[in-house]
Amino acid sequence: MDRYGLLCRNIYENNKITQREMASALGLSLGTCNRLIREGQELHLFSYDSENASYSLMKKGVELLQAYRMDSAVILAAGFGSRFVPLTFETPKGLLEVFGERMIERQIRQLQEAGIMDITIVVGYLKEKFDYLIDKYGVKLLYNPEYHNKNTLATVYHARDCFKGKNTYLLSSDNWIRNNVYHTYECGAWYSSVYMEGNTSEWCLDFNKKGQLTGARIGGHDSWVMYGPVYLSKEFSEDFFPVLEAYYKTPGTEQMYWEQVLLDLLNGTVQEQLPEVREYNVPEIYINRQPADQIYEFENLEELRVFDEKYLHRSDSQAMELISSVLNVPESEITGLRCLKAGMTNKSFLFQVKGNSYICRIPGPGTELLINRRQEKASYDAVKDLGITEHVIYMNADTGYKISEYYEGARNCDARNPEDIRQCMALIRKLHHSGVHVEHTFDIRERIGFYESLCKGYESRLFEDYSDVRRHMNLLMDRLDKMGRTKVLSHIDSVCDNFLFLPSGELRLIDWEYAGMCDPLIDVSMCAIYSYYNDAEAENLLSVYLGRQANSEERFVYYSYIALGGFLWCLWAVYKSSIGEEFGEYTLTMYRYAKNYYKKIITSPEFLTIGL
């Protein structure tokens with residue numbers, strides 16, 4: 001850290017600064033500061049006018065500062081912000097308001113007040129929400145395509161070119177900074193820090209008398225911790241980014257924060273993480289100590305409520321307003337908020353009111369294409385008296401919003417536990433034998449055609465034999481149609497995760513989004529493929545459901561729906577892949593079920609005449 005540069009910067013910003021104020025700004029004793037001021041005058045960096053009690057930068061001081069001029073800033077805004085649900089289901093965390101001003105806008109304004117106009121915002125989740133900032137402030141947006149499955153190490157990696165050869169601030173969009181900490185000139189890389197008394201799980205810093213960081217650790221006691229903005233000088237970035245790039249390219253680092261690279265450099269543990277990295281420099285970086293009430297990183301909505309009381313009464317969240325209305329409580333009594341799911345189909349969060357726990361489900365964007373919410377509600381209403389579903393407090397057939405009871409201590413079905421499976425199949429039989437009827441059907445032919453239309457030919461480009469497999473599925477559906485089997489209300493989505501064993505021993509079947517009238521054996525087939533059962537396990541499941549050995553017709557129908565179910569969900573996954581959401585081996589596994597079980601049917605003599 002160039003102390004002469006800091007002297008010149010402080011004079012540039014306030015030529016009437018006193019020596020005592022200078023000492024406080026530099027974090028030095030008054031005696032040390034006085035010595036540096038004398039030395040700076042002797043070096044002709046600045047002069048002092050005793051009559052006006054003011055300093056003036058001289059030519060050498062101006063030249064010295066030029067190397068420290070700030071070039072740019074990068075603001076990380078790609079993440080979801082799961083601890084701020086449900087607000088972040090609708091608005092990225094950095095766009096939340098604090099005292100009527102959006103957090104990211106406050107930082108942009110503070111940066112521009114310091115003369116920093118080259119500002120890049122790295123976006124991902126709800127990236128479109130940030131577009132207006134381009135017109136309002138002249139910022140640039142940089143998209144991180146890995147925001148949904150990697151941490152900030154990947155985010156900074158994608159922004160690496162914004163740092164090389166530049167003096168750049170690295171900021172988080174969700175920080176709130178009371179007084180402007182940014183400057184036109186910075187004289188050495190730093191990480192801002194606040195002091196935390198007692199035990200902390202934050203990243204704690206070690207530093208020498210000059211303030212240079214010498215080490216760091218996660219968790220500590222009575223420590224200065226990493227907190228808020230960071231400044232990366234061009235010299236720091238030259239040493240730092242080659243190591244960060246090596247980390248990014250190493251498997252197993254996907255969930256790392258970018259600061260982990262800094263910790264390993266400071267602690268001398270890079271080679272423990274990446275043995276192949278033999279040569280690297282440890283860049284200099286200093287602590288930038290901040291007062292306790294200067295920088296805020298809100299961990300959750302509860303902390304924000306304490307800071308800005310507006311959020312106690314009105315969060316401007318549609319979900320919070322709904323809960324308040326349905327349960328007849330003010331928003332301040334909605335506590336314990338926690339994200340449960342943030343997928344493309346649904347978004348769900350847990351909350352508490354008056355000691356009771358609930359789940360609120362919010363349909364994801366585009367869900368209306370995939371799920372008919374009126375039919376879903378009709379299915380819930382139809383089976384209400386059977387006592388086999390979760391307790392639904394509220395459901396809107398137009399919006400798809402649902403509030404239901406949350407069962408503390410409940411667990412999902414274990415697909416490899418025979419007793420669990422026996423009870424789940426007994427519940428499915430109860431549903432099928434109940435005589436409950438709804439007006440809508442689950443038409444697998446229509447659903448296959450629909451998902452195929454969403455894929456827009458992508459599926460046939462993925463699979464070399466797609467046209468043959470599609471023709472085989474048509475043959476199976478034609479044979480099933482000719483059989484004219486009785487339809488009953490079926491759940492369709494009978495994945496083991498949708499069976500809940502309550503602490504009381506009761507069993508519940510949740511998530512009836514696809515339910516409709518269909519052949520009852522489809523539920524058994526779907527359970528088999530969702531559980532990734534092999535042939536023997538699938539055969540056993542059918543026997544458990546029936547309570548006896550299956551006859552040829554039952555086995556034919558069961559096999560057919562395993563094949564068709566595999567084909568259907570393969571198309572579903574292909575569609576998701578086409579819009580950027582991957583499911584690993586799921587697509588291949590489902591496609592293989594379609595092909596293998598079609599082959600089992602056509603090669604078995606017992607099925608030759610069934611359905612013809």
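Computed from a predicted structure; not experimentally measured. Both backbone and side-chain heavy atoms feed into the values below; hydrogens, waters and symmetry mates do not.
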Undergrad: With a 4.0 Å cut-off on N to O distance, would you call R508 and E506 a salt bridge?
TA: yes
Undergrad: Is the backbone of V436 close enough, under 3.5 Å, to the side chain of S434 for a donor and an acceptor to pair up by distance?
TA: yes
Undergrad: Are there more than 12 heavy atoms of other residues, nucleotides or ligands under 6.0 Å from atom CD of E446?
TA: yes
Undergrad: Walk me through whether I448 and L564 qualify under side chain to side chain contact (heavy atoms under 4.5 Å, CB included).
TA: CA-CA 9 Å; I448 286 174; L564 292 167; 4.2 Å; yes
Undergrad: Quiz question: by atom type and distance under 3.5 Å, do the side chains of Q107 and Y182 form a donor-acceptor pair?
TA: yes
Undergrad: Flag the pair D511 and R361 as a salt bridge only when some basic side-chain nitrogen lies within less than 4.0 angstrom of an acidic carboxylate oxygen.
TA: no
Undergrad: To the nearest 0.5 angstrom, please state how far the CE atom of M590 sits from the CD atom of E585.
TA: 11.0 Å
Undergrad: Measuring only between side-chain heavy atoms, which start at C-beta, is T91 closer than 4.5 Å to L96?
TA: yes
Undergrad: Please lay out, stage by stage, how E405 and S357 fare under the test side-chain hydrogen bond (donor to acceptor under 3.5 Å, both in side chains).
TA: CA-CA 6 Å; E405 182 180 352; S357 297; over 6 Å; no
Undergrad: When you measure from the side chain of Y227 to the backbone of E297, do you find a donor-acceptor pair of N or O atoms at a distance under 3.5 Å?
TA: yes
Undergrad: Is it true that a side-chain atom of Y169 and a backbone atom of I116 form a donor plus acceptor pair closer than 3.5 Å?
TA: no
Undergrad: Mind checking whether N498 and W512 have side chains closer than 4.5 Å, heavy atoms only?
TA: no
Undergrad: Answer yes if the ring centres of W176 and F307 are under 6.0 angstrom apart, and no otherwise.
TA: yes
Undergrad: Under a plain distance cut-off of 3.5 Å, with no hydrogens placed, do T155 and N144 share a side-chain donor-acceptor pair?
TA: yes
Undergrad: Determine whether the side chains of D497 and Y530 contain a donor N or O and an acceptor N or O closer than 3.5 Å.
TA: no
Undergrad: I'd like to know whether Q290 forms a side chain to side chain contact (heavy atoms under 4.5 Å, CB included) with N288, so could you lay out the CA-CA distance, the side-chain angles of the two residues, the decisive distance to 0.1 Å, and finally the verdict.
TA: CA-CA 6 Å; Q290 298 291 329; N288 185 348; 3.0 Å; yes
Undergrad: Do the non-hydrogen side-chain atoms of V438 and Q375 ever get within less than 4.5 Å of each other?
TA: no
Undergrad: So N372 and H440, side-chain hydrogen bond (donor to acceptor under 3.5 Å, both in side chains) or not? Walk me through it.
TA: CA-CA 10 Å; N372 187 315; H440 62 276; over 6 Å; no
Undergrad: Can you tell me how the ring of Y157 sits relative to the ring of Y248, calling it parallel under 30°, perpendicular over 60° and tilted otherwise?
TA: parallel
Undergrad: So, do M395 and E376 sit near enough that their side-chain heavy atoms are less than 4.5 Å apart?
TA: yes
Undergrad: Measuring from S201:OG to M196:CE, what's the distance to the nearest 0.5 Å?
TA: 8.5 Å
Undergrad: Hey, can you tell me if F80 and Y125 have their rings parallel, tilted or perpendicular (30° and 60° cut-offs)?
TA: perpendicular
Undergrad: Would you say that P86 contacts M320 through its side chain, given a criterion of any heavy-atom pair below 4.5 Å between the two side chains?
TA: yes
Undergrad: Just how far is it from atom CG of L304 to atom CD of E309, taken to the nearest 0.5 Å?
TA: 11.5 Å
Undergrad: Kindly compute the distance separating CZ (R83) from CG (D174), expressed to the nearest 0.5 Å.
TA: 9.0 Å
Undergrad: Counting distance only, does the side-chain N/O of R178 pair as donor-acceptor with the main-chain N or O of D293 below 3.5 Å?
TA: yes
Undergrad: Before we go on, tell me: are the rings of Y358 and F351 under 6.0 Å apart, centre to centre?
TA: yes
Undergrad: Under the 3.5 angstrom rule, does the side chain of S315 hit a backbone N or O of Y311 as a donor-acceptor pair?
TA: no
Undergrad: Return the set of residues passing side-chain hydrogen bond (donor to acceptor under 3.5 Å, both in side chains) with D420 (not counting sequence neighbours), or none when no residue passes.
TA: R411
Undergrad: Which heavy atom of P520 sits nearest to which heavy atom of V488, and what is that distance?
TA: CB-CG2, 3.6 Å
Undergrad: Between K430 and L386, is there a donor-acceptor pair closer than 3.5 Å when you use the side chain of the first and the backbone of the second?
TA: yes
Undergrad: Please check this pair: side chain of Q255 against backbone of N149, looking for a donor-acceptor N/O pair closer than 3.5 Å.
TA: yes
Undergrad: Kindly say whether Y401 contributes a backbone atom to a donor-acceptor pair with the side chain of T399 at under 3.5 angstrom?
TA: yes
Undergrad: How about N328: does its CG atom have over 12 heavy atoms from other parts shown lying under 6.0 Å from it?
TA: no
Undergrad: Give the minimum heavy-atom separation between M226 and L262, together with the two atoms involved.
TA: CE-CD2, 3.9 Å
Undergrad: NZ of K93 to CG of N300: how many Å apart, nearest 0.5 Å?
TA: 8.5 Å
Undergrad: Among Q110, R106, E113, which residue satisfies the side-chain hydrogen bond (donor to acceptor under 3.5 Å, both in side chains) criterion with N180?
TA: E113
Undergrad: Side chain of S531, backbone of I529: donor and acceptor closer than 3.5 Å?
TA: no
Undergrad: Salt-bridge test for K402 and E390: reply yes if a basic N is under 4.0 Å from a carboxylate O, no otherwise.
TA: yes
Undergrad: Is any side-chain heavy atom of I177 closer than 4.5 Å to a side-chain heavy atom of P229?
TA: yes
Undergrad: Locate the shortest heavy-atom distance separating S193 from V225; write the atom from each residue and the value.
TA: OG-O, 2.8 Å
Undergrad: Counting the benzene-type ring for Trp, do Y514 and W572 have ring centres under 6.0 Å apart?
TA: no
Undergrad: With side chains defined as the heavy atoms from C-beta onward, is the minimum distance between K347 and C339 less than 4.5 Å?
TA: no
Undergrad: For a side chain to side chain contact (heavy atoms under 4.5 Å, CB included) check, start with the C-alpha distance between L263 and I218, then their side-chain angles and the critical distance, and finish with the verdict.
TA: CA-CA 9 Å; L263 261 67; I218 300 174; 4.1 Å; yes
Undergrad: If the threshold is 4.0 Å, N to carboxylate O, is there a salt bridge linking D443 and R447?
TA: no
Undergrad: How about H491 and F499: are their ring centroids closer than 6.0 Å?
TA: no
Undergrad: Keeping N151 on the side-chain end and Y257 on the backbone end, is there a donor-acceptor pair under 3.5 Å?
TA: no
Undergrad: Examine the side chains of H432 and Y545 and answer whether a donor and an acceptor come within less than 3.5 Å of each other.
TA: yes
Undergrad: List the steps and the verdict of side-chain hydrogen bond (donor to acceptor under 3.5 Å, both in side chains) for Q352 and Y406.
TA: CA-CA 9 Å; Q352 292 182 332; Y406 176 76; over 6 Å; no
Undergrad: Does a salt bridge link E331 with R314, judged by any charged N lying under 4.0 Å from a carboxylate O?
TA: no
Undergrad: Scan side-chain atoms only and decide if E105 and Y137 contain a donor-acceptor pair under the 3.5 Å cut-off.
TA: yes
Undergrad: Would K127 and Y143 count as a cation-pi pair here, with the cationic atom under 6.0 angstrom from the ring centre and within 45° of the axis?
TA: yes
Undergrad: What residues, two or more places apart in sequence or in another chain, satisfy side-chain hydrogen bond (donor to acceptor under 3.5 Å, both in side chains) together with R445?
TA: D478, D481
Undergrad: Among V123, I121, I119, which one satisfies side chain to side chain contact (heavy atoms under 4.5 Å, CB included) with L133?
TA: I121
Undergrad: Apply side chain to side chain contact (heavy atoms under 4.5 Å, CB included) to V85 and T88, showing your working.
TA: CA-CA 5 Å; V85 296; T88 46; 3.9 Å; yes
Undergrad: Could you check if a side-chain atom of L431 sits within less than 4.5 angstrom of a side-chain atom of I388, using non-hydrogen atoms only?
TA: yes
